[in-house]
Amino acid sequence: MLGVALAFALVAAGASMTIDSWRATHGGIRGEFTTSGPECFRRCTWNDGEFRSYDRTYEIADASLWSLGGGDRPRATGVTVYPVVVAPGGENVYYPDDKTWMFAWLMSAAGPIVCWLVVARARGFRDRLLERAG
């Protein structure tokens, strides 16, 4: 049961990320991203901020830079990064040549494999317990 739940979660998360990043990097709205304050856990990141299209017709006040590649990460408050793209109706900002959609697709494809591995391992464990008991 855990394997099925994990597989479903991987497929759902991967599909969601794939659709958003694909739409952004393949015909999304181009613009610039300006960082707001840092988020600090073990180290500080500046992934949250504001997106504005170049023609100023599309703005997102609470955007997030989700890009897994394609450009340097901002390292201070108030830094403007461009060019970036966002899917219409989306809140996640990506670099134009980003490949997040490819990573997310692989994550979705891994869901059934993870499920199979967890189920096979559980069956092996169960069989060993039955052999010891019998």
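Values below: every heavy atom of this structure, side chains too, minus hydrogens, waters and symmetry copies.
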Worksheet item: Testing Thr25, Asn92, Ile29 for side chain to side chain contact (heavy atoms under 4.5 Å, CB included) with Val86, which one passes?
Response: Ile29
Discussion item. Looking at Glu32 and Arg52, is there a salt bridge between them, counting it only when a charged N and a carboxylate O are closer than 4.0 Å?
Written reply: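 Not counted as a salt bridge, because no side-chain N and carboxylate O are separated by less than 4.0 Å.
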Fill in: Spacing of Asp48 atom CG and Glu50 atom CD [to the nearest 0.5 Å]
12.0 Å
Worksheet item: Going from OG on Ser21 to NZ on Lys99, what distance comes out if it is rounded to the nearest 0.5 angstrom?
Response: 10.5 Å
Discussion item. Has Tyr58 got a side-chain atom pairing as donor or acceptor with Arg30's backbone, closer than 3.5 angstrom?
Written reply: no
Worksheet item: Is the side chain of Thr35 donor-acceptor paired with the backbone N or O of Gly78 at a distance under 3.5 Å, no angle test?
Response: yes
Quick check: closest heavy atoms across [X] and [Y], and the distance to 0.1 Å?
{"X": "Val93", "Y": "Phe33", "answer": "CG2-CD1, 4.0 Å"}
{"X": "Pro83", "Y": "Pro96", "answer": "O-CD, 3.2 Å"}
{"X": "Arg23", "Y": "Ala87", "answer": "CB-CB, 3.8 Å"}
{"X": "Gly90", "Y": "Ile60", "answer": "O-CD1, 3.1 Å"}
{"X": "Tyr95", "Y": "Pro74", "answer": "OH-CD, 4.3 Å"}

Fill in: Shared hydrophobic cluster for Val85 and Trp22 (ILVMFWY, side-chain gaps under 4.5 Å)
no
Worksheet item: Are Phe51 and Val79 in one and the same hydrophobic cluster, where Ile, Leu, Val, Met, Phe, Trp and Tyr link if side-chain heavy atoms are under 4.5 Å apart?
Response: yes
Worksheet item: Less than 4.5 Å apart, any side-chain heavy atom of Tyr94 and any of Asp20?
Response: yes
Looking at [X], I'd like to know if its [atom1] atom is crowded, meaning that more than 12 non-hydrogen atoms belonging to other residues, nucleotides or ligands lie closer than 6.0 Å.
{"X": "Glu91", "atom1": "CD", "result": "no"}
{"X": "Asp62", "atom1": "CG", "result": "no"}
{"X": "Tyr54", "atom1": "OH", "result": "yes"}

Item to complete: Mind jotting down which residue pairs meet the side-chain hydrogen bond (donor to acceptor under 3.5 Å, both in side chains) criterion with at least one end in residues 37-46? Sequence neighbours excluded, please.
Response: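 Of all non-adjacent pairs touching residues 37-46, those that pass side-chain hydrogen bond (donor to acceptor under 3.5 Å, both in side chains) are Trp46-Thr77.
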